[in-house]
Amino acid sequence: MRKVELGVFMPVGSNGFLMSKRTPRYHPTFELHRDIAQVAEDIGLDYLFWMGKWMGFGGASGFWENTIEPISMASALAPLTTRLKLFATINPLLFHPAVAAKIISTVDNISGGRFGINVVTGNTLEELEQMGVVPDGYSDYRYEYADEWLSVAKMLWSEERSTFEGRFFTLDNCVSNPKPLSKPYPKIVSAGLSGDGMAFAAKHSDYQFVGLRAADVLRMREAAAAQGREVKVVTSMFLVHGETDAAADREFEAIRDDLDVEAVENLIRSFERDNRDSYKDRTSHLRQPNTVGFGSGTPVMGSPDTMAQKLCEMIVESGIDGIQFTFVDFVKDLKFFGTEVLPKLKSMLARHDIVVADAPAMAAAA
Ligand SMILES: Cc1cc2nc3c(=O)[nH]c(=O)nc-3n(C[C@H](O)[C@H](O)[C@H](O)COP(=O)(O)O)c2cc1C
């Protein structure tokens, strides 16, 4: 039986992932995140995932004008949830690994061993440059830095005292207790698209984000296998529900037609400033006529029957191990997904020996 984990890509920034003047304007409050977590747990999903964003991109929609800090939010939700895994993003440049090791152990402890981290090296360097923390030449050694940072954290999580002299960090008989509850370490997630990013995932990660192409999924698994490791390959999708297919299509088209072009252009400018090879696809993707946002994931539109059918086909064909969802209205649409789509999807996937959302439901989603 193949298990596919389902999660929510939490809206850490204002307006979630959509850059449109049509969609609701809102901020990423604790109450919003608590309500999403409650529904996710009620309908039996597996995890919540928070990015770490440090600036917005303006425009008429005020895209990401507020962004919450993800570890604090995951920590606040840990005692309010019982089963969901909680993944929060951390950027090695912003925390000494001994400080990070202790923060992560603490949240892992609060959550009863349900906490994991997404290790990133800077989506756009502008976010970090505004703080004056980017060392000279950093873009050439981002993943070398992250590799050493994580190796140091792992030492501190597993040794009584650590002494280490590296290129970036020094430990002198350093102690870090308590250790995390998760053994050997809290789960590691990553999402690098470059060769160095994929190599980091092969060496360290339990989960790696890729697109939906079966070839990419396979390539990532093979890279991890070459290191004697297994990595679960995951992706993001944007679900647009409708009572009918036509209604869902109309909703998507309205969001797209009212695109906040200024916010999109601001984001493209920020990517082009870094001029990273791994971003060529990303900026051309943002310029495509069907763009509705950033990070929202592959759009899937339809009535509950169509949505379940499309998701089933994508899961079967891609070989993916997990999907995290984004929505227009996270609480309302996640409830709709739980009551109208998920039961159909479960029975379709069961015919392929695939199981999703199999945790005992806490209560029926209202
Ligand atoms: C689902 C997902 C979440 C991401 N979250 C963050 C994040 O929170 N912060 C960040 O700086 N980058 C984030 N990224 C960007 C990646 O970590 C990575 O930098 C990007 O895919 C470019 O690849 P590269 O770093 O190998 O050049 C995310 C990417 C994906 C697909």
Side-chain angles (χ1 to χ4, degrees), residues 49-54 70-71 87-101 103-104 116-129 131-158 162 164-171 184-211 216-236 270-283 295:
F49 177 97
W50 288 268
M51 298 192 295
K53 293 288 149 194
W54 302 91
I71 303 173
F87 295 110
T89 294
I90 188 159
N91 189 320
L93 214 46
L94 301 178
F95 299 83
H96 187 280
V99 177
I103 293 173
I104 294 161
I117 49 166
N118 173 39
V119 180
V120 301
T121 61
N123 197 38
T124 61
L125 288 186
E126 195 178 1
E127 290 183 276
L128 305 169
E129 281 164 356
M131 306 176 192
V133 294
V134 183
D136 281 350
Y138 173 70
S139 46
D140 297 329
Y141 61 78
R142 291 180 291 134
Y143 282 101
E144 215 179 312
Y145 188 92
D147 174 32
E148 189 175 310
W149 181 92
L150 189 53
S151 303
V152 166
K154 285 179 174 177
M155 272 178 225
L156 293 167
W157 284 331
S158 55
S162 304
F164 174 78
E165 184 78 51
R167 176 173 170 199
F168 308 107
F169 303 105
T170 301
L171 299 179
Y185 318 109
K187 293 278 181 267
I188 307 295
V189 184
S190 59
L193 298 168
S194 59
D196 289 348
M198 303 280 270
F200 176 89
K203 179 171 175 189
H204 287 291
S205 301
D206 300 292
Y207 297 85
Q208 163 78 353
F209 282 94
V210 296
D216 293 341
V217 174
L218 200 62
R219 193 160 58 96
M220 188 60 244
R221 285 211 185 102
E222 283 173 359
Q227 305 238 11
R229 301 187 63 259
E230 265 180 41
V231 61
K232 290 184 179 165
V233 185
V234 290
T235 198
S236 311
S270 195
F271 283 137
E272 286 180 345
R273 228 167 137 264
D274 295 350
N275 200 22
R276 233 180 254 176
D277 256 7
S278 55
Y279 279 169
K280 299 261 152 61
D281 270 2
R282 185 161 285 197
T283 45

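FYI, the numbering just counts along the sequence from 1.
- Contact detail for Ala146 and Thr121: the closest heavy-atom pair is CB-CG2, 3.9 Å.
- The side-chain contact (heavy atoms from CB on, under 4.5 Å) with Ile90 is formed by just one residue from the set Ile104, Leu150, Ile103; it is Ile104.
- Two residues are said to be in side-chain contact when any heavy atoms from C-beta on lie closer than 4.5 Å; Lys232 and Lys187 fail this criterion.
- A ring-centre distance under 6.0 Å is not found for Tyr207 and Phe49.
- The shortest non-hydrogen separation linking Leu171 to Ser162 is CB-O, 3.5 Å.
- Across every non-hydrogen atom of Met51 and Thr89, the tightest pair is CA-OG1, 3.3 Å.
- No side-chain donor-acceptor contact under 3.5 Å links Trp157 to the backbone of Pro184.
- In Lys53, the NZ atom is crowded: over 12 heavy atoms of neighbouring residues, nucleotides or ligands sit closer than 6.0 Å.
- Using a 4.5 Å heavy-atom cutoff, the side chains of Leu93 and Pro135 are in contact.
- Summarising the geometry of Gly116 relative to Pro186, their closest heavy-atom pair is CA-CB, 4.4 Å, with the distance given to 0.1 Å.
- Looking only at distances, no side-chain donor or acceptor of Ser190 sits under 3.5 Å from a matching main-chain atom of Gln208.
- Side chains of Leu94 and Leu128 form a contact here, defined as non-hydrogen atoms less than 4.5 Å apart.
- A donor-acceptor pair under 3.5 Å is absent between the side-chain atoms of Thr124 and the main chain of Phe271, judged by distance alone.
- Here the NE2 atom belonging to His204 is positioned 9.0 Å from the CD atom belonging to Gln227, to the nearest 0.5 angstrom.
- In this structure, the side chain of Trp149 does not engage the main chain of Phe168 through any donor-acceptor pair within 3.5 Å.
- Rounding to the nearest 0.5 angstrom, the gap separating the CZ atom in Phe87 from the CG atom in Asp206 is 8.0 Å.
- Here CZ of Phe209 is found 11.5 Å from CG of Leu193. Values are rounded to the nearest 0.5 Å.
- Going from atom CG of Leu125 over to atom OH of Tyr138 covers 7.0 Å, rounded to the nearest 0.5 Å.
- Contact check on Glu148 versus Arg167 returns no salt bridge, with no Lys/Arg side-chain nitrogen under 4.0 Å from an Asp/Glu carboxylate oxygen.
- Between the side chain of Glu127 and the backbone N or O of Trp54, at least one donor-acceptor pair lies under 3.5 Å.
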Task: Arg142 and Asp196: CA distance, side-chain angles, deciding distance, side chain to side chain contact (heavy atoms under 4.5 Å, CB included) verdict - done: CA-CA 9 Å; Arg142 291 180 291 134; Asp196 289 348; over 6 Å; no

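- In this structure, the salt bridge (charged side-chain N to carboxylate O under 4.0 Å, His left out) partners of Asp147, at least two apart in sequence or on a different chain, are Lys203.
- Pairing each heavy atom of Pro92 with each of Val119, the nearest pair is CG-CG1, 3.8 Å.
- Put simply, CG on Asp274 and OG1 on Thr283 are 11.0 Å apart, with the number rounded to the nearest 0.5 Å.
- Of all non-hydrogen atoms in Tyr143 and Phe200, the two that sit nearest each other are CD2-CB, 3.7 Å.
- With rounding to the nearest 0.5 angstrom, the CZ atom of Arg229 is 6.5 Å from the OG atom of Ser205.
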